[in-house]
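Here's the structure we're looking at; comments come further down.
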Amino acid sequence: MSLEALLPILLPKAIAWGEEKAKDVIARGRELLPAELLIARRVGVQYPERIRLLLTKQIPFPEDPQLAEVARRLGLFFTEMNGLTLGYAIIVRQGCLSSRLLSHECRHVYQYEQAGGIANFLKEYLQSVVQFGYYNSPFEQDARAHEIEWIGP
């Protein structure tokens with residue numbers, strides 16, 4: 001079955017997975033530090049104080065076999081990812097946090113805000129990855145365009 005045909009079937013599972021992981025990060029993650037709040041504001045986040053950051057050994061991968069297979073087919077290699085954003089929840093692999101990665105992930109927070117939440121964002125985001133590929137997705141291009149190397153005065 002094509003990815004285009006699978007997406008509407010698996011989207012509810014992807015949304016449920018994303019919302020569950022986001023709740024966990026919101027409960028266990030830390031608030032952004034002052035310099036990190038500045039990064040979030042600079043990339044357009046409206047409510048940076050809502051963001052929670054969780055450092056973890058590995059980015060969580062969907063447990064559902066169908067969802068995991070579609071993620072692989074879309075090029076979403078969670079074991080190789082350094083960061084993942086789900087609404088106001090940012091997960092970063094331990095040892096990988098930098099202003100560049102944080103600004104990229106915070107830009108995704110901005111995109112979630114613009115979309116109106118996890119469900120709306122994932123629908124648009126996954127459709128764009130199916131259409132353009134992960135690297136060429138307009139969401140990823142936008143996040144890369146807003147990466148900040150250093151925050152100064």
Side-chain angles (χ1 to χ4, degrees), residues 1-32 36-37 39-41 43-94 96-98 100-147:
M1 188 176 256
S2 74
L3 287 174
E4 292 84 3
L6 278 173
L7 198 55
I9 297 165
L10 293 178
L11 188 59
K13 287 183 180 184
I15 291 167
W17 180 84
E19 289 176 343
E20 176 187 328
K21 294 301 174 194
K23 283 180 187 174
D24 179 56
V25 172
I26 297 301
R28 297 189 308 127
R30 68 166 174 81
E31 294 180 0
L32 296 184
E36 295 167 338
L37 286 166
I39 289 171
R41 284 186 192 98
V43 299
V45 175
Q46 187 173 4
Y47 301 106
E49 67 281 354
R50 294 182 183 174
I51 296 173
R52 293 298 177 268
L53 176 65
L54 182 66
L55 301 176
T56 185
K57 284 187 177 186
Q58 185 173 321
I59 302 299
F61 194 77
E63 300 85 16
D64 180 275
Q66 284 184 309
L67 203 51
E69 178 57 28
V70 168
R72 283 186 197 93
R73 287 177 63 186
L74 289 174
L76 303 172
F77 302 109
F78 287 73
T79 56
E80 298 173 11
M81 295 173 104
N82 291 329
L84 175 68
T85 298
L86 298 161
Y88 287 104
I90 299 176
I91 306 166
V92 172
R93 228 174 43 182
Q94 292 172 349
C96 297
L97 184 60
S98 66
R100 183 176 183 170
L101 178 60
L102 184 63
S103 59
H104 181 103
E105 298 305 328
C106 284
R107 187 61 180 185
H108 286 312
V109 171
Y110 165 83
Q111 294 166 353
Y112 276 96
E113 288 178 331
Q114 296 303 299
I118 290 174
N120 292 340
F121 175 81
L122 285 180
K123 182 180 179 185
E124 294 175 28
Y125 180 85
L126 293 174
Q127 286 174 341
S128 79
V129 173
V130 166
Q131 184 176 357
F132 301 105
Y134 172 75
Y135 187 80
N136 292 319
S137 161
F139 292 98
E140 290 302 325
Q141 289 180 347
D142 177 66
R144 284 193 306 274
H146 286 84
E147 290 175 358

Please assess L126 against V70 for the test side chain to side chain contact (heavy atoms under 4.5 Å, CB included), listing each intermediate value before the final yes or no.
CA-CA 10 Å; L126 293 174; V70 168; over 6 Å; no
Roughly how far apart are L67 CG and R72 CZ, rounded to 0.5 Å?
10.5 Å
Enumerate the side-chain hydrogen bond (donor to acceptor under 3.5 Å, both in side chains) contacts for residues 124-133, please, sequence neighbours excluded, ordered by first and then second residue.
Y125-E140, S128-S137
Qualifying residue for side-chain contact (heavy atoms from CB on, under 4.5 Å) with R41, from L37, V43, V45
L37
Look at the side chain of E113 and the backbone N and O of Y47, then say whether any donor-acceptor pair between them is shorter than 3.5 Å.
yes
Verdict with reasoning, R52 to E31, per side chain to side chain contact (heavy atoms under 4.5 Å, CB included)
CA-CA 5 Å; R52 293 298 177 268; E31 294 180 0; 3.4 Å; yes
Where is the tightest heavy-atom contact between Q111 and A143, given as atom of each residue plus distance?
NE2-N, 4.0 Å
In Å and rounded to the nearest 0.5 Å, what is the CZ to CG distance from R93 to L54?
14.0 Å
Answer yes when K21 and E63 have at least one side-chain N-carboxylate O distance shorter than 4.0 Å, and no when they do not.
yes
To the closest 0.5 Å, what do you measure between CZ (R107) and CZ (F139)?
11.0 Å
Does the side chain to side chain contact (heavy atoms under 4.5 Å, CB included) test come out yes or no for D64 and W17, once each step is laid out?
CA-CA 9 Å; D64 180 275; W17 180 84; over 6 Å; no
Salt bridge check: are E36 and R30 linked by an N-O gap of less than 4.0 Å?
yes
cation_pi(R144, Y135) dist<6.0 Å, angle<=45
yes
